[in-house]
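What you are looking at is a predicted structure, and each value in this text was computed from that prediction instead of being measured.
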Amino acid sequence: MRVERLTGDRPRWAVIDIGSNSVRLVMYEGPARSPMTVFNEKVLCGLGQRNQETGALREEAMHDALTVLRRFRAIIDAVQPQELDIFATAASRDATNGPQFLAAIHSLGLEPTLLPGEEEARLAALGILSGSPEILDRKNGAIAGDIGGGSLELSHIDASHQDFVGQRVSLPLGALRLSAEYTTKPGAAIKHIRKVVEAEEWLQKTGAKSFYIVGGAWRGLMRIAIERSEYPLDVLDHFTLTRDEMENLCDWVIGRSVEQLETLSSVQKRRAPTLPYAAMVMKAVLDAVSPKDVILSSHGVREGCLFNKLSRDEQSEDPLPILAEHVASFGRGHLRPEADSLYEFVRPLCSDPTAEESRLWHAAAHLCNIATLYQPDEKAEQAARLILSLPFRGLSHRGRVMLATALYYRHGGSSGDVEDTIPIGLIDDRQLTEAQKIGLGMRFAAALDPDGTAGLGEATLEVEGDGLRLTLPHRLIGLWGLGPAKRFQRLAALIGKEPVAPYAL
């Protein structure tokens with residue numbers, strides 16, 4: 001007997017992406033501004049490896065893709081997502097038999113949209129923006145780049161543009177396409193790539209100093225960078241290299257044989273032949289844009305499809321606290337102080353916080369009890385590991401480490417063990433201390449008023465001269481006790497103040 005699903009029990013969105021290298025189905029749940037992936041399956045079909053003489057999609061690649069799509073259709077029928085988007089990109093767009101391939105997909109009961117190149121570039125830029133809202137605060141915004149198997153999309157993201165995305169272009173510089181056309185002619189490939197990129201003169205005129213990238217081949221380059229440098233945080237989103245670091249990486253990859261690249265644990269064997277060509281494209285774009293840094297995004301065309309459905313006001317929202325609140329709701333049945341009240345309570349502990357730090361501590365307040373379900377002696381470590389791995393948007397690696405550190409200390413973590421759990425080398429001493437203060441402040445608040453309803457909104461912390469003072473309404477003085485006193489003393493010691501408590505109004 002089939003059980004009828006309630007609307008809220010189904011994934012909210014599903015996207016089928018028929019790309020030049022892979023065919024993928026992704027399903028999302030959660031808040032619209034910060035959706036979480038709950039299913040992600042891709043199969044490398046190599047549609048972009050077209051017949052060099054006819055320009056047609058290969059029969060084997062089409063067969064593989066249709067087999068995958070038949071499975072995806074069965075999954076969609078069973079899961080019944082609330083919304084479904086299906087699109088095809090460069091391989092289907094450029095192939096001489098592309099219309100016949102799309103007709104075969106229609107025969108499966110699927111209705112893909114064939115994205116024009118500039119629309120693919122726009123959606124890729126919106127996807128990057130959805131996960132990197134800081135772009136809108138940057139002078140002259142950023143250049144967005146998405147390298148696929150068949151094409152390269154470049155766009156200018158800036159707050160001054162009506163829909164955030166201005167000049168954009170799709171170029172026939174996909175890594176799979178180039179590797180097929182120039183297998184034995186890398187020198188010719190470099191000349192061709194530079195000629196095509198240099199023709200886009202607008203790239204030199206935007207003034208943007210950051211280059212945000214997405215796409216499997218460029219993601220592969222960044223994985224190599226993480227492996228070679230023994231980078232301490234295994235998170236790709238917002239992984240950043242300076243221009244010089246990226247150029248050195250590209251030169252290193254271009255100088256390696258496919259066999260040498262395959263020996264790296266970070267490289268997929270099927271991806272290895274395309275990586276030198278992806279590096280060639282990267283170098284050409286770096287010369288055209290002259291950015292100071294290159295930032296990897298985990299969000300592209302698929303996420304851009306979802307972001308495109310939102311109003312401008314929704315698009316302008318900060319995704320970090322939205323997802324933090326959603327994650328916190330998983331423990332809705334447990335004691336959890338209200339985030340705004342908790343944030344206001346601990347805010348006086350901050351030493352002239354930056355705008356970035358303020359949003360981090362607000363997110364921390366939402367996540368105050370994130371480790372509730374773990375064993376007591378594992379709470380601190382597990383809280384930190386969750387923060388280091390959850391798919392937050394709009395969160396730099398430095399911010400991720402600061403947030404993880406705050407939650408580590410909130411759950412009783414030891415300073416002697418923190419380096420074993422969190423790569424605190426990515427933040428400076430001041431940032432570490434600020435995170436400790438927020439964490440210990442939340443830990444004290446959780447002891448004083450576990451649910452936050454007794455009077456946390458009326459209690460105040462104040463740094464006065466040499467003292468740290470707690471003020472409570474007279475009717476709530478009974479909240480004070482040995483447990484809160486112990487945590488209050490530790491908090492005061494951290495900031496170098498004498499504990500003065502409690503004071504009743």
Side-chain angles (χ1 to χ4, degrees), residues 11 13-28 39-124 126-127 146-153 168-181 215-216 270 274 300-306 308-309:
W13 308 276
V15 179
I16 295 178
D17 177 353
I18 306 166
S20 299
N21 197 42
S22 64
V23 177
R24 185 189 300 255
L25 168 61
V26 186
M27 290 187 278
Y28 304 85
F39 181 87
N40 188 343
E41 180 178 320
K42 76 169 181 179
V43 179
L44 298 174
C45 297
L47 288 169
Q49 292 177 320
R50 294 179 295 159
N51 185 300
Q52 292 298 301
E53 295 181 359
T54 65
L57 299 172
R58 295 177 299 109
E59 289 294 331
E60 179 184 1
M62 287 192 293
H63 176 270
D64 289 347
L66 291 170
T67 300
V68 172
L69 289 169
R70 189 175 293 108
R71 164 176 159 75
F72 287 172
R73 169 64 195 271
I75 292 173
I76 292 296
D77 287 346
V79 174
Q80 303 175 48
Q82 296 176 40
E83 294 186 45
L84 172 63
D85 289 285
I86 310 173
F87 61 82
T89 56
S92 304
R93 188 168 62 229
D94 299 339
T96 55
N97 58 345
Q100 293 89 334
F101 176 57
L102 293 176
I105 297 174
H106 276 277
S107 70
L108 299 178
L110 300 173
E111 299 181 6
T113 297
L114 184 61
L115 291 181
E118 285 200 5
E119 178 63 5
E120 184 178 355
R122 187 182 76 88
L123 292 175
L126 288 179
D146 179 6
I147 191 167
S151 62
L152 166 70
E153 281 67 49
R168 52 192 179 270
V169 68
S170 179
L171 303 173
L173 297 178
L176 192 63
R177 180 195 295 246
L178 292 169
S179 67
E181 293 180 4
R270 191 165 181 175
T274 67
V301 177
R302 293 180 295 275
E303 290 73 26
C305 285
L306 306 188
N308 191 48
K309 300 173 187 290

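- Remark: Glu41 CD to Ile16 CD1 distance equals 10.5 Å, nearest 0.5 Å.
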Next item on the list: Determine, stepwise, if the pair Ser151 / Glu120 fulfils side-chain contact (heavy atoms from CB on, under 4.5 Å).
Entry: CA-CA 10 Å; Ser151 62; Glu120 184 178 355; 4.0 Å; yes
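- In this structure, Gly215 and Asp146 approach most closely via the heavy-atom pair CA-OD1, 3.8 Å.
- The distance from the CE atom of Met27 to the CG atom of Leu84 is 10.0 Å, given to the nearest 0.5 Å.
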Next item on the list: Test side-chain contact (heavy atoms from CB on, under 4.5 Å) on Phe39 and Ile75 and set out the steps.
Entry: CA-CA 11 Å; Phe39 181 87; Ile75 292 173; 4.0 Å; yes
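- At distances below 3.5 Å, not a single donor-acceptor pair connects side-chain atoms of Arg70 with backbone N or O atoms of Leu108.
- With Asn97 contributing its side chain and Gln100 its backbone, the two residues share no donor-acceptor pair below 3.5 Å.
- Remark: Glu111 CD is loosely packed, at most 12 non-hydrogen atoms of other residues, nucleotides or ligands lying under 6.0 Å away.
- Here Ile86 contributes atom CD1 and Leu114 contributes atom CG; the two are 13.0 Å apart, rounded to the nearest 0.5 Å.
- Put simply, CZ on Arg122 and CD on Glu153 are 13.0 Å apart, with the number rounded to the nearest 0.5 Å.
- Between the Arg24 side chain and the Lys42 main chain, no donor and acceptor come within less than 3.5 Å of each other.
- Between Asp94 and Pro172, the closest side-chain pair of non-hydrogen atoms is not below 4.5 Å.
- For the residue pair Arg270 and Asn21, no side-chain donor N or O sits within less than 3.5 Å of a side-chain acceptor on the partner.
- In this structure, SG in Cys305 is found 8.0 Å from CG in Asp17, a value given to the nearest 0.5 Å.
- With hydrogens and angles disregarded, no donor-acceptor distance shorter than 3.5 Å links the side chain of Asp85 to the backbone of Val15.
- Across all non-hydrogen atoms, the minimal contact from Pro112 to His106 is CD-NE2, 3.9 Å.
- Taking all atoms of both residues into account, the shortest heavy-atom contact from Phe101 to Ala65 is CZ-CB, 3.9 Å.
- Heavy-atom minimum distance, Val169 versus Leu171: CG2-CD2, 3.7 Å.
- Across Ile76, Asn40, Val43, a single residue satisfies side-chain contact (heavy atoms from CB on, under 4.5 Å) together with Leu25, and that is Ile76.
- Closest approach of Cys45 to Val23, counting heavy atoms only: SG-CG2, 3.9 Å.
- Of all non-hydrogen atoms in Leu57 and Ala91, the two that sit nearest each other are CD2-O, 3.8 Å.
- No side-chain donor-acceptor contact under 3.5 Å links Thr274 to the backbone of Leu176.
- Taking Ala61 as the reference, Leu47, Arg58 meet the side-chain contact (heavy atoms from CB on, under 4.5 Å) condition, with sequence neighbours excluded.
- In this structure, CD1 in Ile105 is found 13.0 Å from CZ in Arg73, a value given to the nearest 0.5 Å.
- Counting only distance, with no hydrogens or angles, the side chain of Glu303 and the backbone of Gly300 share a donor-acceptor pair below 3.5 Å.
- Taking Arg50 as the reference, nothing meets the salt bridge (charged side-chain N to carboxylate O under 4.0 Å, His left out) condition, with sequence neighbours excluded.
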Next item on the list: Please step through side-chain contact (heavy atoms from CB on, under 4.5 Å) for the pair His63 and Glu60, ending with a clear verdict.
Entry: CA-CA 5 Å; His63 176 270; Glu60 179 184 1; 5.7 Å; no
